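Computed from a prediction, not measured in an experiment: that's the story for all the values here. All chains are named by letter (A, B, ...) in the order of the sequence lines, taking the proteins before the strands, and each is independently numbered beginning at 1.
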Amino acid sequence: MTDRFDPAVADRRWQKRWAEARSFQADSNSAKPKSYVLEMFPYPSGRIHMGHVRNYTMGDVLARFRRMQGYEVLHPMGWDAFGMPAENAAMEKKVHPGTWTRQNIATMREQLQRIGFALDWSRELATCEPNYYGHEQSLFLDLMEAGLVFRKESEVNWDPVDMTVLANEQVIDGKGWRSGAPVERKKLSQWFLKITDFAEDLLEGLGTLDQWPDKVRLMQQNWIGKSRGLQFCFRLAGTAPGGACDIEVFTTRPDTIFGASFVAISPSHPIGEALAAERPEVAEFIARARAGGTSAAEIETAEKLGFDTGLEVLHPLDPDWRLPVWIANFVLMDYGTGALFGVPAHDVRDFEFAKKYHLPIRRVVADSPRGADEPVVEAEPGAGIAVNSRFLDGLASDQATAEVIKRAEAAGWGEGKTQYRLRDWGVSRQRYWGTPIPVVHCEECGPVGVPRDQLPVVLPEDVSFELPGNPLDRHPTWTTVDCPKCGAAARRETDTLDTFVDSSWYFIRFASQPDNRPFDRAEAEKWLPVGQYIGGVEHAILHLLYARFWTRALERIGKIGIKEPFKGLFTQGMVTHETYESLDGRWLNPDEVAVAENGALVERATGTAVRLGRVEKMSKSKKNTVDPEPILDRYGADAVRWFMLSDSPPERDLEWSESGIEGAARFVQRVWRLALAPKGNDGHDAALLRKLHRAIAAVGEAIEGLQFNKSVAALYELASAIEKAKPSATRDEAIRTLLLLIAPGAPHLAEEAWAARGETGMIADASWPAFEPGLLVDDEVTIAVQINGKLRDTMTAARGLSREDAEVLALALPKVQAQLGGGTPRKVIVVPDRLVNIVA
RNA sequence: GCGGACGUGGCGGAAUGGUAGACGCUGGAGACUUAAAAUCUUCUGCCCCUAGAGGCGUGCGGGUUCGAGUCCCGCCGUCCGCACCA
């Protein structure tokens with residue numbers, strides 16, 4: 001035993017002991033209450049970064065805390081192992097994606113183990129292995145049989161040089177991020193999941209997620225984007241009444257129907273395309289309208305373009321009123337019906353369009369019935385009173401809306417409808433490194449699901465990346481199969497699944513992993529839903545929405561009895577660091593920067609000045625990352641863990657700093673010195689005992705609320721109270737309890753100290769201490785004395801002092817007398833044991 | 001444009017409407033030491049030649065209250081999400 005805690009020895013020792021004892025293996029058959037703690041599993045990009053360390057430390061503290069509280073805890077880890085970086089590495093480094101990925105997993109697993117996380121490694125999984133994605137294929141077939149999978153033509157970003165599909169983020173200034181070639185829009189037949197079937201349910205379910213951040217719920221709500229309105233038909237002028245619907249539109253503002261001055265259709269609308277076939281000038285306009293990217297920035301600056309088709313439609317409420325039909329670039333084909341009617345006076349976008357093309361702007365909503373003739377200087381999208389609207393005049397906007405819908409439904413030209421912004425989930429990726437979609441295309445039978453007994457459809461590993469495009473497409477044998485239905489020669493589907501599919505059910509597979517099926521329902525339901533899910537807010541929408549959808553889909557087909565996969569969600573902040581920039585604009589690594597004698601920052605190599613940049617999220621491009629590994633070497637796992645928990649509230653960003661990690665390391669040594677204090681003292685220390693019990697309560701409450709910075713502060717207070725206390729039996733007990741309280745955060749230190757103090761068993765198996773409620777308060781209290789709400793003095797008194805006595809004591813204080821100057825107070829307010837406020 | 005969050009010392013941050021600044025970092029002074037590291041003690045919001053039984057202080061301006069960092073109204077600023085969604 002030395003007077004310094006040596007993490008280099010202790011960390012390994014206890015990691016080995018926990019592994020040997022299988023301390024963190026979750027027993028599905030345990031009689032204890034269950035607790036499922038999960039952090040978002042990592043993409044195996046190469047090495048663990050500080051963001052992982054922070055995320056997993058938080059989850060680990062909670063998992064260890066729950067275990068000490070007597071729960072059977074499931075705290076697993078795995079790898080979100082499919083995805084593009086592996087293919088990029090394959091092309092750049094000539095290494096197979098599988099090799100690259102599996103090496104990264106091995107490295108990162110070892111790194112995680114060095115930090116001493118209480119993980120059940122027996123349940124580890126990687127989504128790139130057939131024993132995971134094979135089960136995913138079977139679930140895909142289940143959804144297909146249930147009618148939740150369909151094929152649709154859809155536009156993609158196509159890189160003509162790399163011959164590959166690009167995600168929106170890979171299109172930069174309209175060019176492929178790798179090839180630099182202008183990106184084309186190309187229509188491909190792709191696989192979709194019917195998430196829109198669940199739009200209403202996903203929206204309603206948000207109401208039950210009271211342990212989710214409001215922010216995330218709101219983001220999902222906006223993403224689903226429900227709106228109520230009227231869907232109705234315009235008939236083209238010159239066609240017979242009662243015929244088919246010519247142009248169908250959707251509007252959330254039926255009350256403005258008399259303000260319509262044009263109808264606009266999307267460049268992709270069938271009517272436009274039909275016209276284009278006959279009139280070259282239409283085709284030319286459509287081509288121009290479609291050019292330009294789909295990114296937000298481009299759309300923002302895009303000028304509104306319109307083309308008057310010369311066609312006219314009849315106003316549904318006045319057959320003598322004709323509206324021109326325009327093709328407009330701002331009308332989206334995949335929202336609503338791909339067509340709308342424009343009301344320039346009350347829609348910003350329609351206003352801009354009408355100004356440009358000199359279309360009528362007619363006020364139909366005003367603040368009051370008298371405002372009918374007020375000029376419209378800018379779009380007024382708000383609600384009000386209907387004007388210039390015939391039978392609607394005088395009605396409030398919502399009444400007018402209801403009236404128009406009523407009439408439309410009665411007359412049969414339209415109906416009230418709910419629209420969602422949410423689109424169906426396109427899961428096809430023309431990529432190699434992903435789960436093969438288990439389908440065979442047969443000329444006779446169409447797309448046919450691969451029979452269950454032929455699963456998994458294993459991704460072939462004998463592929464090359466020498467040529468551009470998806471290597472699966474040119475595989476000599478893999479694509480050639482017989483149709484499972486008719487036996488004729490057929491071709492295997494070469495699209496793979498979006499990796500978000502892999503992460504949509506991994507938490508179920510963690511809970512139950514039989515060999516012959518994706519999961520056992522009864523076993524999975526013992527653990528699910530996940531009690532606490534922790535991850536970055538960047539997954540607030542897509543991953544969390546897809547997982548909620550997938551769980552609901554499984555529920556609908558009877559595979560599982562829950563709809564919501566994650567009961568509690570916590571989104572932690574990022575780990576940030578200062579950035580450094582050389583005078584010629586290069587980003588510098590922190591270790592390339594030194595502090596000169598005059599205190600200025602200089603570049604180590606050249607001695608030239610360095611500019612201190614903003615504090616930003618650690619990223620390779622800004623070169624402000626700090627690799628956890630050397631830090632672990634230097635300070636040990638517990639100091640790193642402790643720093644991740646202290647300083648910032650978990651939901652906010654944490655700035656990495658040298659002084660911060662050193663402070664944490666100092667605390668580790670402080671606790672160790674306390675642990676070395678001789679035991680077996682006599683005597684009682686009532687004040688310390690109260691502080692101890694207050695700390696037990698405060699730390700427990702803070703961890704429960706995931707406020708780790710507060711639990712750290714409470715432990716610092718306790719440690720310094722113990723340091724200041726004289727030896728006593730109480731102090732011995734306080735030291736023992738301190739070890740229990742730090743055990744979730746600094747487990748190696750806690751174990752080492754536990755053993756050093758001669759305690760039996762591992763602290764990992766110990767129980768969380770209880771506190772005595774009666775000991776949480778002091779006998780003596782400090783009472784604030786205010787005059788007119790301003791603090792003037794304080795006084796010490798026994799707890800439970802009566803109102804009357806408090807008032808008398810306060811009025812007798814010299815400072816109070818001086819302030820009052822002999823006058824009588826008008827009123828005295830007493831909050832027992834807290835304060836006396838004298839109103840003069 | 002729409003939606004949301006947040007503004008507290010030199011810094012990160014604490015504060016059921018009741019003593020603002022817990023705890024940590026940084027910095028000052030001191031102790032121990034031949035010296036350094038480590039450790040310990042102590043001070044550390046601002047103002048004032050009046051150092052006090054003093055004044056001012058939680059982005060700014062109002063309001064409610066005996067009492068406001070906290071509640072209400074209006075601004076300003078920063079950050080985040082969505083974005084031609086009919």
Identify whether any heavy atom of [X] sits under 4.0 Å from a base atom; if not, whether one sits that close to sugar-phosphate; answer base, sugar-phosphate or nothing.
X: A:R826; value: nothing
X: A:D793; value: nothing
X: A:R217; value: nothing
X: A:S646; value: nothing
X: A:K215; value: sugar-phosphate

Aromatic ring pairing A:H543/A:F500, orientation class (parallel under 30°, perpendicular over 60°, tilted between):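 Answer is parallel, since the angle falls under 30°.
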
Determine the interplanar angle of the A:F667 and A:W642 rings, folded into 0 to 90°, and report it as parallel if under 30°, tilted if 30 to 60°, perpendicular if over 60°.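 Plane angle under 30°, so parallel.
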
Counting side-chain heavy atoms from C-beta on, which of [options] comes nearest to [X]?
X: A:L218; options: B:G4, B:G18, B:A83; value: B:G4
X: A:A818; options: B:C82, B:A53, B:G3; value: B:A53
X: A:K304; options: B:G13, B:C82, B:C84; value: B:C84

Pair A:V263-A:L340, side-chain contact (heavy atoms from CB on, under 4.5 Å): steps then yes or no: CA-CA 6 Å; A:V263 167; A:L340 56 83; over 6 Å; no

Rounded off to whole Å, could you give me the [atom1]-to-[atom2] distance for the [X] and [N] pair?
X: A:F262; N: B:A86; atom1: CZ; atom2: P; answer: 15 Å
X: A:L674; N: B:U39; atom1: CG; atom2: P; answer: 13 Å
X: A:R792; N: B:G54; atom1: CZ; atom2: C1'; answer: 9 Å
X: A:F353; N: B:A86; atom1: CZ; atom2: C1'; answer: 13 Å
X: A:E701; N: B:A15; atom1: CD; atom2: C1'; answer: 13 Å
X: A:N709; N: B:A14; atom1: CG; atom2: C1'; answer: 9 Å
X: A:E807; N: B:G18; atom1: CD; atom2: P; answer: 21 Å
X: A:D424; N: B:C85; atom1: CG; atom2: P; answer: 21 Å

Now, which nucleotide makes the Watson-Crick or G-U wobble pair with [N], with each of the two distances under 3.5 Å?
N: B:G52; answer: B:C48
N: B:U39; answer: B:A31
N: B:C2; answer: B:G81
N: B:C25; answer: B:G10
N: B:G67; answer: none

With [atom1] as the reference atom in both, quote the distance from [N] to [M] in angstrom, rounded to an integer.
N: B:G7; M: B:G13; atom1: C1'; answer: 13 Å
N: B:G4; M: B:A14; atom1: P; answer: 24 Å
N: B:G61; M: B:G9; atom1: P; answer: 16 Å
N: B:U8; M: B:U39; atom1: C1'; answer: 33 Å
N: B:G28; M: B:G67; atom1: P; answer: 44 Å
N: B:G10; M: B:G21; atom1: P; answer: 16 Å
N: B:U26; M: B:G12; atom1: P; answer: 15 Å
N: B:A31; M: B:G57; atom1: P; answer: 40 Å

Do [X] and [Y] get their side chains close enough for a donor-acceptor pair, meaning under 3.5 Å?
X: A:T196; Y: A:D424; value: yes
X: A:E200; Y: A:Y420; value: yes
X: A:R548; Y: A:Q220; value: yes
X: A:S802; Y: A:D805; value: yes

5' priority, RNA chain B, between A:K710 and A:T794 [closest heavy atom]: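 The residue whose closest nucleotide sits nearer the 5' end is A:K710.
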
Starting from the 5' end of RNA chain B, give me the residue, A:K724 or A:V781, whose nearest nucleotide shows up first.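 Going by which nucleotide is closer to the 5' end, it is A:V781.
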
Using ring-ring contact (aromatic ring centres under 6.0 Å, His included) as the criterion, list what pairs up with A:H315, not counting sequence neighbours.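 Only A:F258, A:W321 meet the ring-ring contact (aromatic ring centres under 6.0 Å, His included) criterion with A:H315.
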
With respect to the phosphate group of B:A83, does any side-chain polar atom (N or O) of A:R421 fall under 4.0 Å of OP1 or OP2?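 Result: yes.
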
[X]: which residues meet the side chain to side chain contact (heavy atoms under 4.5 Å, CB included) condition with it, sequence neighbours left out?
X: A:M618; result: A:M50, A:V575, A:H577, A:N624, A:T625, A:V626, A:W656
X: A:A354; result: A:P344, A:L359, A:I361
X: A:L811; result: A:E807, A:V816, A:L820, A:P825, A:I838

Is A:K417 salt-bridged to A:E248, going by a charged N under 4.0 Å from an acidic O?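 No, no charged N to carboxylate O under 4.0 Å.
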
Presence of donor-acceptor pair under 3.5 Å, side chain of A:R652 and base of B:C79: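 Donor-acceptor pair under 3.5 Å: no.
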
Ignoring hydrogens and angles, are the base of B:A86 and the side chain of A:R349 linked by a donor-acceptor pair under 3.5 Å?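 Indeed, a donor on one side and an acceptor on the other fall under 3.5 Å apart.
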
Atom pairs under 3.5 Å: protein N/O with N/O of nucleotides 64-71 of chain B:
unit_1: B:C66; atom_1: O2'; unit_2: A:N837; atom_2: ND2; d: 3.2
unit_1: B:C66; atom_1: O2; unit_2: A:N837; atom_2: ND2; d: 2.6

side-chain contact (heavy atoms from CB on, under 4.5 Å) with A:I783: which of A:D793, A:T794, A:L801, A:L809?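 Passing option: A:L801.
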
How should the glycosidic conformation of B:G27 be described, syn or anti, under the criterion that syn lies within 90° of 0?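 It is anti.
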
Classify every nucleotide of nucleotides 23-33 of chain B by which part a protein heavy atom approaches to under 4.0 Å, writing B for the base, S for the sugar-phosphate alone and - for neither, in 5'-to-3' order. SSSS-------

